[in-house]
Amino acid sequence: MTDNYKSTNVFLLRRIGLAPSKRLLTFLISAIFITLPFGYAYNSVAIVLFVGYSFLSYKKQNISVSYVLLAPIALYMLMVASIAWSIDVPLTVKALSKEAALFFIPIAFFFNRKVISISRRGILKGFSIVMCFFAFFYFLRAMYRYFEGGNIGVFFYNELSTPIVSAVYLSAIFAIAYYYFLSVKNKRFFDYLGLVIMMVMIGLLMAKVTIAVSVLLTAVYISFFASVPKKTRIAGAAIFVVLGMSLVYISRTTTLFPAEYTTNIPEMEKLAEEKIKLNKVTPHEAWSKQAFSENDYFNGTAFRIYQARIFGELVQEEGKIVTGYGLNASIKKIEEKSKEHNVFEGGVLNQRYARQNYHNQYIEAFSDLGILGLLLVLVMVLINLKKSLSDKDFVHMAFAFLMIALFLTESFLWRQRGVVLFILLYCLFNIKLPEKSGKITL
């Protein structure tokens, strides 16, 4: 019965010109990576093709279950279960589709574990090369907009990225390509070119966390991974550490880095016209002030502190520690708290404050899915970090530390682009061939 099923599947694949092959499988995984900067529809199609192909072309000898891939599957099952206690069932059900990659991608890797584990470097290389072409596109687009309007701002931050993908997520995508080019042992001209292109794009996108982590990781690479004399390693690492500290200082003392929540909106302009002084909320005020006013402005740090504060208040007041409020349903409680603390709700700004999620993956998982949700996220993070350190794979290590940092400032897994980038790399890096893997067949 099983043999007939497999024969039928292979026949169907051949009829549509998709004969089972390692090259095609590698291409489909690369397609998921490559479509990340596009709209969600393109990326979803790439995922469906990869998962569908994996199911239709599987061979028993290539199937291998890995316990490290069970954590994301368990997280998605918990998301599904949260429908039962969600305070906003329609919102939870709607969110499940964008989180489906947590379930289907690991299962597809089970079916191809032996094949994918030996194709990892080639997949990363292809992805990184294509990202160079994307960078070229973004730069040309910015050049066109600059000559059209004369605004130098089109070369930076969210103006450089498209409305489809924010600067934070685009910089994370480019960072992975940067880490690949950096890790190439015997670099050629195009490796150096790719390295420079990714470095420039990460700088122009001005995502502080990605820049800081990348600078530190570059120092780590020079110190421990680069094949250069010891004195050169020390000097190179010192330069990047000083550069990183300088960037932190500049970001705190100048307006070089753009504000995450801009005041250049109608409500703030109106306040300026009425000569009402704008109050920049300090971290202390964000944590302790009971009632805010219409002229209170939160920068990125103050806003995240305020969000952490209201999460703590909700835990104390309602005690939803075990179950949480349901996937994506915490936003209702955030809105209620915004009204309680009189956070300005005028027009566009309402989208900036009252309707924003926690911007912290650990808090988001705890609030939506309870203690078990938080534990599953931590399990994935720790498994990823542990294996990267034990394998001494620089790109894997860089990915692990970048995710730990971004999870502190973004609800990374609660966005389709974020969850796909994370789970694809998580699966790619954390699978490995069993000791008795046998022959790989396609």
Non-neighbouring partners of Leu314 that pass side chain to side chain contact (heavy atoms under 4.5 Å, CB included), sequence neighbours left out | Glu318, Tyr325, Lys333, Lys337, Tyr358
Please tabulate, one pair per line, all N/O donor-acceptor pairs under 3.5 Å involving side-chain atoms of residues 187-205, not counting sequence neighbours.
unit_1	atom_1	unit_2	atom_2	d
Lys187	NZ	Leu182	O	2.9
Lys187	NZ	Val184	O	2.9
Asp191	OD2	Arg188	N	2.9

Main-chain N/O of Leu425 paired to His396 side chain as donor or acceptor, under 3.5 Å | no
Residue list, side chain to side chain donor-acceptor pair (under 3.5 Å) with Glu99, at least two apart or on another chain | none
Is the Tyr53-Phe27 ring centre distance short of 6.0 angstrom?
-> no
Using atom types as modelled and distance alone, determine if a side-chain donor or acceptor of Arg145 lies under 3.5 Å from a backbone N or O of Glu159.
-> yes
Is Trp414 reaching over with its side chain to a backbone N or O of Glu364, donor-acceptor style, under 3.5 angstrom?
-> no
Parallel, tilted or perpendicular: which fits the ring planes of Phe155 and Tyr146, with parallel below 30° and perpendicular above 60°?
-> tilted
Is it true that a side-chain atom of Ser214 and a backbone atom of Ile211 form a donor plus acceptor pair closer than 3.5 Å?
-> no
Would you please name every residue forming a ring pair (Phe, Tyr, Trp, His ring centres under 6.0 Å) with Tyr40, sequence neighbours left out?
-> none
Should the pair Tyr76 and Phe103 be assigned to parallel (<30°), tilted (30 to 60°) or perpendicular (>60°) ring geometry?
-> tilted
Note: Asn43 and Ile32 closest approach over all heavy atoms is ND2-O, 2.9 Å
Glu313 and Arg309 ion-paired at < 4.0 Å = yes
Near Lys185 NZ, under 6.0 Å, is it more than 12 heavy atoms from other residues, nucleotides or ligands?
-> yes
What residues form a side chain to side chain donor-acceptor pair (under 3.5 Å) with Ser30, not counting sequence neighbours?
-> none
Kindly compute the distance separating CZ (Phe401) from CG (Leu217), expressed to the nearest 0.5 Å.
-> 7.5 Å
Ring centres of Tyr180 and Phe127 under 6.0 Å apart?
-> no
Polar side-chain atom of Gln307 near backbone of Gln356 as donor-acceptor pair, under 3.5 Å | yes
Is the distance between the ring centroids of Phe50 and Phe111 less than 6.0 Å?
-> no
Can you say whether the rings of Phe422 and Phe407 are parallel (under 30°), tilted (30 to 60°) or perpendicular (over 60°)?
-> tilted
Check for a donor-acceptor pair, side chain of Ser82 on one end and backbone N or O of Met79 on the other, with a separation under 3.5 Å.
-> yes
Which distance, rounded to the nearest 0.5 Å, do you find between the CG of Leu28 and the CG of Leu49?
-> 6.5 Å
Aromatic ring proximity, centroids under 6.0 angstrom, Phe399 and Tyr179 | no
Across all chains, not counting sequence neighbours, the side chain to side chain donor-acceptor pair (under 3.5 Å) partners of Ser128 are none
